[in-house]
Structure formats: C-alpha cells, structure tokens
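Take a look at the structure set out below.
Position 1 is the first residue of the sequence, and the numbers go up from there. Source: prediction; values computed, not measured.
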Amino acid sequence: MTVGTSLLAQFAALDSATVSDALEACGLPPGQGGLRPMWGTPRVTGFARTVELEPLTGGQGGAHILTGAIAEAGPQDVVVVANGGRTDVSSWGGIISVGASVRGIRGVVTDGACRDVAQARELGFPVFARAQVPVTARGRLRQKSSGEPIRLGEVTARQGDVLLADEGGVVVVPRERATEVLEAAQRLADREAAIEAEVRTGVPLPQAMRDARLAGTEAK
C-alpha cells in the first residue's frame, strides 16, 4: 500500500462532519453543504483533480470540456469542477461519467449542475452537484483551466488536496496539512464514539456531553 493509498483509506473511515470539525480545530475552513449526491448515498474520498469552466462567449469552445483532465486522472482521483454554482447548464454528463468510470476515477464533485444521472447510477459512479438540469454545456461553457487552484463554493481546492464527500457535505483538506487534520479527526471520532457509548448505557446527556470533553480539553 502506498502512502497516498493509506492516507485516503484512513480519511475514508471518517465522515464529512468529523473532518469538518478537525479542519476548524486546525484553523482551516470547514466543510460545506449544498453539494449533494445525485443518486443514492455514495461516499467518495480521493485526491482532487481540478478543472475550471467559464461561459463561452462567441468563437469556438475548443476540445470538449473535462476530457483532457479525465484522460490524465487515475484511480486515486476525484474530479473537482468549478462552475460558479450555476444550475442553468450541465457541467457533467453521461458520456463523461462513462469515461471517468473506465479510468477508475472515484467520483466527481461539481460546483454546478449535472445531467444523465441515471447513467451515473447504473455505473455506480458517484456524482455530487448542486442540481440536475437537462441543458447541455455545448455552446455554453468552455474549459478555462485544468490542474490550477479553483473555488469550490466557499473554499479553494488545489490539485492533490484530499477531498471527502458524503451525504452530509464536502470537505477539502490541504494536502500539506492532511496528516495533521487526519490525526485531529481521528481523535475527534474516538472521543465522540466514547461519548455515544456512554449515552447508550444510560449516562445522562449533560454529563456525557461536557463542553470541555467534546473540545478535548478535559483530562481523561
């Protein structure tokens, strides 16, 4: 198992809420909602492969959006698309899902709308987006950049950052601080598991959920 694979496997054992709390504990932006799974309740964890789109205003759009980035991505990657939160035009579609699935890509998070969700569902390919819309990107969008830092909602995502998405939301962990955030998240998960176990045995909530204990500042 490579270092990258091990890192992703450890993050995959956590949920977005716990990682969001860990990010804040480390002085980093928390996770965000609004980017929802478009089918089922998939979970996806991988290294960000970033793409930014922009409106096409006259002229030719060039190569079809996303195709180059998908051709370069691999089994540890999640495609992350910046499209300014637009929901009037699709920024991800069915054939793109097929291409990404064949490459072994783990999923996509797009700050915009998508279409052809049934195709993604049949493939078992996780798609997180703001909405569904049938309107094609052809003649409306072009690819501005690939591999550059992008805005994903309220946070900046850089290529290679750790991205985790589930039904609770999406978190972006800067790669250079991934180990620090992971360790904080694991401590939080252990603490919350211990509190939950006590509550299930009948310990009153006020006693189990002491603020100092939740913050990790209370001695054991």
Side-chain angles (χ1 to χ4, degrees), residues 2 4-5 8 34-40 42-153 155-166 170-173 175:
T2 67
T5 302
L8 293 180
L35 293 160
R36 301 175 291 105
M38 293 291 101
W39 61 266
R43 294 168 52 88
V44 61
T45 306
F47 296 123
R49 176 70 63 164
T50 59
V51 178
E52 184 172 6
L53 307 180
E54 65 180 4
L56 175 61
T57 54
Q60 298 296 317
H64 196 288
I65 61 172
L66 299 162
T67 53
I70 289 170
E72 295 171 357
Q76 291 188 331
D77 295 330
V78 176
V79 178
V80 186
V81 183
N83 195 34
R86 288 184 62 178
T87 57
D88 61 324
V89 58
S90 174
S91 54
W92 188 271
I95 296 176
I96 300 296
S97 287
V98 173
S101 179
V102 168
R103 291 287 298 167
I105 295 168
R106 297 186 174 203
V108 62
V109 176
T110 179
D111 188 10
C114 66
R115 68 180 198 168
D116 305 321
V117 170
Q119 210 163 350
R121 183 175 61 245
E122 290 167 4
L123 291 163
F125 185 78
V127 176
F128 289 77
R130 299 215 178 265
Q132 297 184 45
V133 67
V135 181
T136 180
R138 287 190 299 276
R140 295 182 175 89
L141 297 175
R142 75 180 187 94
Q143 188 166 307
K144 180 179 179 181
S145 69
S146 177
E148 299 297 322
I150 60 172
R151 290 294 293 177
L152 181 68
V155 303
T156 297
R158 296 174 174 82
Q159 186 136 305
D161 284 350
V162 176
L163 185 141
L164 185 154
D166 58 24
V170 175
V171 291
V172 178
V173 182
R175 181 68 176 271

Stepwise side-chain contact (heavy atoms from CB on, under 4.5 Å) check, Val81 with Val108
CA-CA 8 Å; Val81 183; Val108 62; 4.1 Å; yes
Val162 and Phe47: side-chain contact (heavy atoms from CB on, under 4.5 Å), yes or no, with the steps?
CA-CA 5 Å; Val162 176; Phe47 296 123; 3.8 Å; yes
Run Ser90 and Val135 through side-chain contact (heavy atoms from CB on, under 4.5 Å) and show every step you take.
CA-CA 6 Å; Ser90 174; Val135 181; 5.9 Å; no
Evaluate side-chain contact (heavy atoms from CB on, under 4.5 Å) for Leu163 paired with Leu152, printing each intermediate quantity in order.
CA-CA 11 Å; Leu163 185 141; Leu152 181 68; 4.1 Å; yes
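For the atom pair Leu66 CG and Leu53 CG, the distance stands at 5.5 Å (nearest 0.5 Å). Distance CD1/Ile65 to CG/Asn83: 7.5 Å, rounded to 0.5 Å.
Under the side chain to side chain donor-acceptor pair (under 3.5 Å) criterion, Ser91 pairs with Thr110, sequence neighbours left out. For Arg106, the side chain to side chain contact (heavy atoms under 4.5 Å, CB included) partners at least two apart in sequence or on another chain are Leu8, Val44, Gln76, Val78. Here Glu54 pairs with Arg142 under the salt bridge (charged side-chain N to carboxylate O under 4.0 Å, His left out) rule; sequence neighbours left out. Residues meeting the side chain to side chain contact (heavy atoms under 4.5 Å, CB included) test with Thr50, sequence neighbours left out: Ala48, Ile150, Gln159. Here Arg36 pairs with Met38 under the side chain to side chain contact (heavy atoms under 4.5 Å, CB included) rule; sequence neighbours left out. In this structure, Asp116 has no salt bridge (charged side-chain N to carboxylate O under 4.0 Å, His left out) partners at least two apart in sequence or on a different chain. Judged as a salt bridge (charged side-chain N to carboxylate O under 4.0 Å, His left out), and not counting sequence neighbours, Arg140 has no contacts. Qualifying side chain to side chain contact (heavy atoms under 4.5 Å, CB included) partners for Leu123, counting only residues two or more places apart in sequence or in other chains: Ser97, Val98, Ser101, Phe125.
Sorted by first then second residue, the side-chain hydrogen bond (donor to acceptor under 3.5 Å, both in side chains) pairs that include residues 117-137, not counting sequence neighbours, are Asp111-Arg130. Legend: salt bridge (Lys or Arg N to Asp or Glu O under 4.0 Å) pairs involving residues 75-103, not counting sequence neighbours, sorted by first then second residue: Arg49-Asp77, Arg86-Asp88.
Taking each heavy atom of Gly124 and Trp39 in turn, the nearest pair found is C-CZ2, 3.6 Å. Among all heavy-atom pairs drawn from Cys114 and Val127, the shortest one is SG-CG1, 3.9 Å. When all heavy atoms are compared, the tightest approach of Leu35 to Phe128 is O-CD2, 3.7 Å.
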Please report, to 0.1 Å, the donor-acceptor pairs under 3.5 Å made by any side chain of residues 67-74, with sequence neighbours excluded.
| unit_1 | atom_1 | unit_2 | atom_2 | d |
| --- | --- | --- | --- | --- |
| Thr67 | OG1 | His64 | O | 2.9 |

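No more than 12 heavy-atom neighbours from other residues, nucleotides or ligands sit within 6.0 angstrom of CZ on Arg138.
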